[in-house]
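Step one of this worksheet: look at the structure below.
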Amino acid sequence: MLDKTYSPAEVETRRYAEWEREGAFAAGHRDDATPWAVMMPPPNVTGSLHMGHALNMTLQDVLTRYWRRRGHDALWQPGMDHAGIATQMVVERNLAAEGKDRREMGREAFLDAVWQWKGESGGMIVNQLRRLGATPDWSRERFTMDDGLSRAVRRIFVGLYKDGLIYRDKRLVNWDPKLGTAISDLEVESKETKGHLWHFRYPLEDDPATHVTVATTRPETMLGDTAVAVHPEDARYAALIGRHVTLPLVGRRIPIVADDYADPEQGSGAVKITPAHDFNDFEVGRRHGLEMINVLDAAGRINEAAPEAYRGLDRFEARTRIVADMEAAGLLERIDDHVHMVPYGDRGGVPIEPWLTDQWYCDAKVLAEPAIKAVEEGRTRFVPETWTRTYFDWMRNIQPWCISRQLWWGHRIPAWYGPDGTIFVEESEVEAYRAARAHYGEEVDLAQDEDVLDTWFSSGLWPFSTLGWPDETETLKRYYPGDVLVTGFDIIFFWVARMMMMGLYAMDEVPFRTVYIHALVRDAKGQKMSKSKGNVIDPIDLIERYGADALRFTLLSQAAQGRDVKLSEQRVEGYRNFATKLWNAARYCEMNGCTPRSGFGPRSARLTVNRWIVGEAAKTGRAVTAAIEGYRFNEAATALYSFTWGTFCDWYLEFTKPILAGEDEAAAEETRATTAWVLDHILHLLNPLMPFVTEELWDALGDDRAHRLITAPWPDDPDDLADPAAFEEMDWIVRLISTVRAVRAEMNVPASAKIPLAVKDATPRQAEWLGMHEDLILRLARLSSITRTDTPAERGSAQAILDEATLILPLADVIDLDQERARLAKEIGKLDQEIAKIDAKLSNDQFLAKAPDDVVAEQRDRRDDAEATKQRLAEALERVAETA
RNA sequence: GGGCGGUUAGCUCAGCCGGUAGAGCAUCGGUUUUACACACCGAGGGUCGGCGGUUCGAACCCGUCACCGCCCACCA
């Protein structure tokens with residue numbers, strides 16, 4: 001006997017352990033089955049499960065569970081990302097707490113410490129995923145820094161280098177002075193900042209009393225100015241072009257150049273040029289052959305290239321000092337308040353500095369071409385489709401990708417430098433030495449590049465590196481390309497685009513056929529969850545209080561395409577209630593002997609109500625299947641919720657109670673069998689969404705299950721399970737009973753009956769009232785059609801139900817006649833309005849001429865119905881009036 | 001500045017091919033009824049953001065405006 005309420009905590013741990021023990025998630029056991037694959041976006045090894053993961057993983061899990069049960073050889077490939085910067089920061093912080101410093105330890109000792117940290121505290125998220133019920137093939141778990149994947153990284157790097165698609169270049173990069181590393185464009189976040197616009201006067205060299213005014217938001221960069229630019233057609237400055245100014249505080253003689261970049265409308269129309277510290281100025285400098293003077297060191301302090309007075313100052317201290325000095329020199333014209341966008345590093349949290357360094361770049365432009373083409377040709381498609389445009393926009397304007405990072409934790413760049421600086425890019429040190437020997441004709445010492453690769457470089461290989469590439473493994477052949485990638489829009493550029501490029505480069509084939517992009521999870525008010533706002537909801541906390549099924553269902557119910565998920569605890573609670581509801585329905589089934597009948601086929605049902613529920617169940621099944629395959633998870637959730645609760649529990653179970661309690665044993669038995677079948681069907685369909693409670697019930701209710709539900713074949717729901725006649729009749733009955741209920745409520749009858757067949761005595765007064773509702777009685781007579789039978793015996797049972805039915809009417813000792821009169825009058829008013837509306841339509845020649853016949857017929861029917869109802873209500877009103 | 005998305009009941013959102021505007025929650029009223037009070041029954045609540053157009057007919061298609069959100073962008 002099932003307990004009175006469902007307690008998720010115990011069931012979830014027990015069930016998950018069983019599944020895992022039995023190897024239920026493992027791919028590769030069905031050689032004859034069609035492969036189906038999804039790649040888990042590898043969470044950071046530093047990560048713990050947040051709501052975004054919970055959504056992302058739930059979606060993948062539903063798909064995986066679905067296709068697995070559909071009979072495919074489903075692979076959900078799990079793993080973790082080494083997360084270069086994030087991990088290095090965590091470990092450095094831990095070491096700092098012990099009074100240790102990375103640089104003092106040295107590279108090797110530090111890396112040992114990171115690996116040790118990974119072994120002890122990394123990957124917490126993997127166990128949290130188990131709490132969520134996720135079923136990737138854990139036996140295949142990979143790590144971006146494991147041997148195989150590292151080998152893949154080196155192989156690709158060498159290949160790209162030799163193809164000329166990776167190269168070394170000296171140019172401005174986004175430099176994070178706090179972390180001391182370059183970062184890519186994508187890792188820069190612009191933040192609107194209130195600042196100032198300082199207007200400085202630069203005196204002319206040959207006429208120091210005359211100034212050119214330039215405005216800047218970054219006074220400290222003036223130390224590196226090497227020109228002032230004006231627009232070539234700006235009349236105000238035409239005479240100055242080619243002359244020079246003396247750079248204040250520095251004393252450098254710098255030219256006034258003409259360049260389109262200077263906007264005459266902006267400020268004074270003259271702009272200071274600092275080629276080493278501004279991306280635009282860099283370009284201007286290049287055009288005019290200007291000197292590039294780097295005045296900052298790696299930590300963002302003023303370096304030796306600047307006048308002594310400023311050396312060693314932090315860039316912001318230098319700013320203050322310079323403004324003061326300029327003012328003292330009488331060269332500060334004015335200060336305006338100014339709001340502008342300041343670039344920040346997304347990890348370091350400090351403003352990034354455009355800085356001139358040597359870095360490794362990947363020629364993304366070339367790699368992007370096939371990746372663009374693949375999407376144009378539909379070999380990979382985005383769901384929802386709207387993201388296609390975002391993808392194209394970025395890919396078509398893609399910039400060189402800076403792939404080197406001045407960190408220690410990551411894939412070290414497989415490049416070695418000879419004594420004269422010759423670069424040897426090889427997959428191993430041995431090969432590098434071999435190449436060097438060939439090059440120099442003698443043994444030389446080589447030094448490996450100190451830098452590591454951007455984390456996303458290895459993530460880009462994930463779809464094939466995890467499957468064994470560069471070896472041509474069976475696994476790789478079988479599961480590449482994957483069917484779908486499930487991810488949030490925030491990493492389309494970081495990850496999806498890179499996988500497309502790398503996949504096409506290495507495999508000459510797209511990495512996945514479909515990219516399903518889901519939204520962000522926000523708090524109940526629609527705000528982004530963040531630690532600083534204190535509105536972060538912990539998925540594990542919700543799982544503990546409401547169960548993993550409830551959390552999953554909540555996320556799924558809102559996973560509509562193109563909409564954010566707003567997570568409110570109230571909703572989670574609601575779906576917890578849903579699990580309980582299902583549990584109790586199953587309990588009811590158990591108590592009434594509605595357990596699966598091995599020989600029972602849903603087609604054999606004869607009673608209308610049974611034929612009807614079977615058809616509804618089948619319809620729901622088809623809806624769920626279509627929704628999952630179409631990535632409309634919210635529709636799957638809604639269909640199941642409303643069928644289970646609104647149709648099965650509220651209508652079917654209530655409706656059949658009299659049949660179960662009745663004397664017609666055949667009808668009762670058929671109903672028990674049907675009930676069990678429908679419940680089973682619900683468990684089947686709901687299983688990918690709510691795996692725990694469904695498995696538990698499946699197990700509890702069936703005696704000899706051939707499968708666990710997790711591996712049971714997905715049900716097919718053929719069209720012909722739905723019997724139109726049964727639908728029509730039930731529809732009528734349902735409407736009738738609704739009417740009865742409404743009347744009962746209107747009469748204020750304390751109902752002692754469930755629906756609808758229980759009150760057996762009517763007083764004369766009540767019988768009199770029934771006269772006022774003749775229409776109802778007439779309709780009730782048709783309840784005989786609850787059964788669709790013709791044999792005398794069956795007709796007898798139908799009659800029995802009918803007999804009872806006539807006695808069920810909700811009856812009151814007292815009716816408030818005034819209230820009843822008002823109600824009827826109101827109803828009649830509404831009907832009049834409706835009739836008038838339809839009449840207008842039906843008298844419109846255009847409508848009659850152009851609307852399809854069925855639409856016109858429908859309007860006529862509606863009008864007739866409304867008219868008939870109105871007639872009945874009018875008569876009832878009359879009787880009420882008489883009675884009063 | 002460019003792009004994308006949104007605006008439907010008090011709240012959160014569905015609404016597919018243009019044909020009677022929906023759900024959940026919340027609110028209010030009723031019900032201890034042997035599956036379930038984490039429940040059941042019922043009720044109220046709408047100018048579908050504004051304006052214009054197409055159409056016999058528009059929440060839906062087109063145009064335009066307003067407001068909100070997000071992404072991208074080098075403007076000193």
Side-chain angles (χ1 to χ4, degrees), chain A residues 2 4-6 190 197-199 214-218 221 229 261-263 265-274 278-283 338 340-341 343 354 384 386-387 389-390 393-394 397 489-490 492-493 519-520 522 524-526 528 546 550 557-558 560 562-564 566-568 570-571 573-592 630 632 634-635 638 641-642 645-646 649-650 653-654 657 738 741-742 744-746 748-755 758 834 837-838 841 844-852 854-856 858-859 862 866:
Chain A
L2 293 167
K4 195 163 177 182
T5 50
Y6 171 59
S190 294
L197 198 52
W198 287 272
H199 296 255
V214 296
T216 182
T217 53
R218 303 205 48 204
T221 63
Y261 168 65
D263 178 358
E265 305 294 311
Q266 197 81 25
S268 66
V271 58
K272 66 192 256 326
I273 301 297
T274 321
D278 182 282
F279 289 100
N280 290 308
D281 293 6
F282 181 81
E283 295 302 324
H338 185 64
H340 61 139
M341 302 297 270
T386 171
W387 293 105
R389 189 182 175 122
T390 306
D393 284 351
W394 191 71
N397 296 301
F489 60 79
D490 48 335
I492 290 181
F493 306 142
L520 250 44
R522 296 169 178 281
K525 291 181 206 132
K528 207 166 172 173
Y546 299 107
S557 74
Q558 289 183 85
R563 280 256 197 187
D564 284 340
K566 287 182 190 148
L567 190 78
S568 79
Q570 198 178 41
R571 235 176 132 131
E573 194 181 339
Y575 292 124
R576 185 272 318 265
N577 295 352
F578 176 54
T580 306
K581 182 74 180 178
L582 177 69
W583 182 266
N584 278 299
R587 194 159 162 263
Y588 165 87
C589 290
E590 188 185 40
M591 291 168 77
N592 285 281
R632 298 185 306 269
N634 60 320
E635 288 184 17
T638 306
Y641 184 93
S642 74
W645 200 320
C649 291
D650 287 351
L653 291 186
E654 297 300 338
K657 277 175 184 172
S738 294
R741 281 176 175 170
R744 176 158 57 189
E746 198 64 42
N748 216 4
V749 176
S752 54
K754 298 236 179 192
I755 316 161
E834 195 185 339
K837 220 166 121 184
I838 301 172
K841 239 181 197 183
N844 182 334
D845 293 341
Q846 298 275 17
F847 173 71
L848 295 175
K850 297 194 179 177
D854 58 325
V855 171
V856 176
E858 200 186 318
Q859 294 295 325
R862 274 185 56 207

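Numbered from 1 within each chain, the chains take letters A, B, ... in sequence-line order.
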[X] [atom1] - [N] [atom2] separation (whole Å):
X	N	atom1	atom2	value
A:Y588	B:C40	OH	P	14 Å
A:F578	B:A23	CZ	P	17 Å
A:R632	B:C16	CZ	C1'	8 Å
A:E265	B:G1	CD	P	15 Å
A:D854	B:G18	CG	C1'	14 Å
A:E573	B:C25	CD	P	11 Å
A:F493	B:G3	CZ	C1'	10 Å
A:L520	B:G6	CG	C1'	15 Å

Given [options], identify the nucleotide with an atom nearest to the side chain of [X].
X	options	value
A:F489	B:C70, B:A73, B:A21	B:C70
A:Q570	B:A21, B:A35, B:C25	B:C25
A:K4	B:G15, B:C38, B:C36	B:C36
A:A585	B:C56, B:C75, B:A35	B:A35
A:D393	B:C56, B:G3, B:U20	B:G3
A:D650	B:C41, B:C56, B:C36	B:C41
A:P852	B:G19, B:A21, B:A35	B:G19
A:N280	B:A35, B:U12, B:C74	B:C74
A:K566	B:U12, B:C38, B:U20	B:U12
A:E858	B:C75, B:U20, B:A35	B:U20

Considering every strand and a 4.0 Å limit on heavy-atom distances, what is the contact class for [X]: base, sugar-phosphate, or nothing?
X	answer
A:A579	nothing
A:K581	base
A:T580	base
A:R389	sugar-phosphate
A:C589	nothing
A:K272	nothing

Check whether the side chains of A:K566 and A:S568 place a donor and an acceptor atom closer than 3.5 Å, and report yes or no. no

Per nearest nucleotide of RNA chain B, the residue lying toward the 5' end, A:S190 or A:Q558, is A:Q558

Considering heavy-atom distances to RNA chain B, does A:R218 or A:N584 have its closest nucleotide positioned more toward the 5' end? A:N584

When the [atom1] atoms of [N] and [M] are considered, how many whole Å apart are they?
N	M	atom1	answer
B:G57	B:G15	P	26 Å
B:G49	B:G69	C1'	15 Å
B:C4	B:G22	C1'	28 Å
B:A9	B:A21	P	16 Å
B:C11	B:C65	C1'	28 Å
B:A59	B:G52	P	14 Å
B:G24	B:U32	C1'	26 Å
B:A58	B:G18	P	13 Å

Does [N] pair with anything, Watson-Crick or G-U wobble, both distances under 3.5 Å, and if so, with which nucleotide?
N	result
B:U64	B:G50
B:G1	B:C72
B:A59	none
B:G29	B:C41

Could you tell me whether the phosphate oxygens of [N], OP1 or OP2, come under 4.0 Å of any side-chain nitrogen or oxygen in [X]?
X	N	answer
A:N634	B:C13	no
A:K841	B:U20	no
A:W645	B:C40	yes

So, taking the atom named [atom1] in [X] and the one named [atom2] in [Y], what distance separates them when rounded to the nearest 0.5 Å?
X	Y	atom1	atom2	answer
A:T217	A:M341	OG1	CE	13.0 Å
A:R587	A:Y6	CZ	OH	15.5 Å
A:T638	A:R632	OG1	CZ	11.5 Å
A:N280	A:T274	CG	OG1	11.0 Å

Looking only at the aromatic ring of each residue, does the gap between the centers of A:Y575 and A:Y546 stay below 6.0 angstrom? no

Under the rule for side chain to side chain donor-acceptor pair (under 3.5 Å), what residues qualify as partners of A:E834, not counting sequence neighbours? A:R862

Under the rule for side chain to side chain donor-acceptor pair (under 3.5 Å), what residues qualify as partners of A:E590, not counting sequence neighbours? none

Is it the case that the base of B:C38 and the side chain of A:R576 share a donor-acceptor contact (distance under 3.5 Å, atom types as modelled)? yes

Is there a donor and acceptor pair, one atom on the side chain of A:N844 and one on the base of B:C56, closer than 3.5 Å? no

Check A:W394, A:F489, A:F493 against A:W387 for a ring-ring contact (aromatic ring centres under 6.0 Å, His included) and give me the one that passes. A:F489

When you check the glycosidic angle of B:C48, does it come out syn, meaning within 90° of 0, or anti? anti

